[in-house]
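None of the values given here were measured: they were computed from a predicted structure. Note on naming: letters A, B, ... go to the chains in the order of the sequence lines (proteins, then strands), and numbering restarts at 1 for each one. All values below were derived from every heavy atom in this structure, side-chain atoms included, with hydrogens, water molecules and symmetry-related copies excluded.
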Amino acid sequence: MAETIVVTSGKGGVGKTTTSASLACGLARHGKRVAVIDFDIGLRNLDLIMGCERRVVYDFVNVINGDCTLKQALIKDKRLESLHVLAASQTRDKEALTEEGVRRVLEELAADGFDFIICDSPAGIEKGAHLAMYFADRAVVVVNPEVSSVRDSDRILGLLASKTQRAEQGNGGVKEHLLLTRYSPQRVASGEMMSVSDIKEILGLDVVGVVPESPDVLSASNAGVPVILNEESDAARAYGDAVARLLGESVPLRFIEEPKKGFFARMFGR
Amino acid sequence: MGLLALFRKQPTSANVAKERLRIIVAQERSARGSPDYLPLLRREILEVIHRYVNVDPSAVQINLGREDGREVLELSVALPQPPPARR
């Protein structure tokens, strides 16, 4: 049975698309059949992060409108065989996405034998964001350790608890996970940044991953290779751990402690 | 962070952020359950009152509270001072 996971946040620029791309790759690396869908109609970006922007022929809205089959629109990843991308449409018509249309596409993917459907939500709480979360079984709420991001994600938690199919049907609701990005253990240690436990306490969510601030995220998007595929990177390891946790493994959090400093470094500042 | 940090007493900016968020999130969560007709109700009541008395929009307060397990809709209108009676 397919599991639908929405990657959402409310606030823009916190790393939803980076996270969607990496989680999708990570799940596919575990042998799962994964489809990752860009719900940001009008502002297509997942294709760039996945590195398949030149292979987009048909998009999500084309499938909904019946201009092509789902199979024609799914872009097969060149690195991972079981991974497929469905690009957002560039249309300016925000009404192009309909609840019925989205339901049909998700049902067809499930019938096609996909294990996971990752819905990359647009920022905000408008229609695209609503439809990205509406059919979700689980939600990964991406948060930066920063006040506006935390507040917006709490708004999103309110919507997940009321404006989703699972909430309306009353069958346990959407399972929510917290994924912190751009985390800096050094700044947490010096009291300049809220810690994992601070944010966990405010939002009351279980933590599925903590991704450290890393220059590798920008290089990855520059290259169109999801950061999780960079073996050398701490951010990749953190995303790898998050994927394992999504699959039910119990993995301790890494990269949340400040690296140990020598005696002199401690006495004389940085 | 160096030796000076040992003598620093004021709360860190992270603590300030956490406190602010704790308050605003609690406030917004408590408002979340309230029906969404409240703003419209407030506007329409204001319109009716306006037909008879010239009140300031901010003079009408509507609150939905909870008392002894009952929901209480509280409406308060501050009427403007009447003009001094003419002789």
Side-chain angles (χ1 to χ4, degrees), chain A residues 10-11 125 141 143-164 167 173 176 178 180 182-205 256-270, chain B residues 1-48 56-77:
Chain A
K11 190 176 181 295
I125 50 175
V141 182
V143 180
N144 284 173
E146 176 269 325
V147 285
S148 49
S149 173
V150 175
R151 182 202 208 166
D152 288 359
S153 55
D154 192 64
R155 275 282 276 149
I156 290 293
L157 291 177
L159 296 175
L160 284 167
S162 59
K163 309 275 189 227
T164 51
E176 299 146 346
L178 174 65
L180 268 169
R182 310 201 68 168
Y183 196 72
S184 166
Q186 290 84 351
R187 304 192 74 186
V188 171
S190 61
E192 297 168 65
M193 183 182 272
M194 286 181 285
S195 68
V196 185
S197 57
D198 288 342
I199 295 168
K200 199 172 147 181
E201 187 187 320
I202 293 163
L203 295 176
L205 280 192
I256 58 170
E257 300 288 343
E258 197 178 12
K260 292 273 178 287
K261 281 182 184 173
F263 174 74
F264 284 102
R266 259 184 292 145
M267 291 309 283
F268 300 105
R270 297 166 197 276
Chain B
M1 188 176 61
L3 275 174
L4 270 179
L6 295 174
F7 303 104
R8 218 188 293 156
K9 271 289 187 302
Q10 76 248 53
T12 62
S13 72
N15 282 333
V16 174
K18 186 183 173 187
E19 263 330 291
R20 291 174 60 213
L21 277 169
R22 218 208 299 264
I23 293 163
I24 192 71
V25 164
Q27 198 180 5
E28 285 173 348
R29 280 186 183 180
S30 69
R32 208 175 277 162
S34 71
D36 24 340
Y37 58 71
L38 277 191
L40 188 64
L41 181 70
R42 181 177 181 280
R43 210 176 64 212
E44 289 190 7
I45 288 176
L46 189 67
E47 273 166 24
V48 173
D56 187 69
S58 65
V60 178
Q61 298 281 343
I62 294 184
N63 285 309
L64 193 68
R66 205 165 254 289
E67 265 172 43
D68 306 328
R70 276 177 307 181
E71 281 196 310
V72 178
L73 184 68
E74 194 179 84
L75 173 71
S76 109
V77 184

Counting heavy-atom pairs under 4.5 angstrom with chain B, the leader among A/M193, A/R187, A/R151 is A/R151

Distance col, row A/D198:CG vs B/R22:CZ, nearest 0.5 angstrom, shows 8.5 Å

Bottom line for A/M194: the part with an atom under 4.5 Å from chain B's heavy atoms is both

Of all heavy-atom pairs linking A/V147 and B/L21, the shortest is O-CD2, 3.5 Å

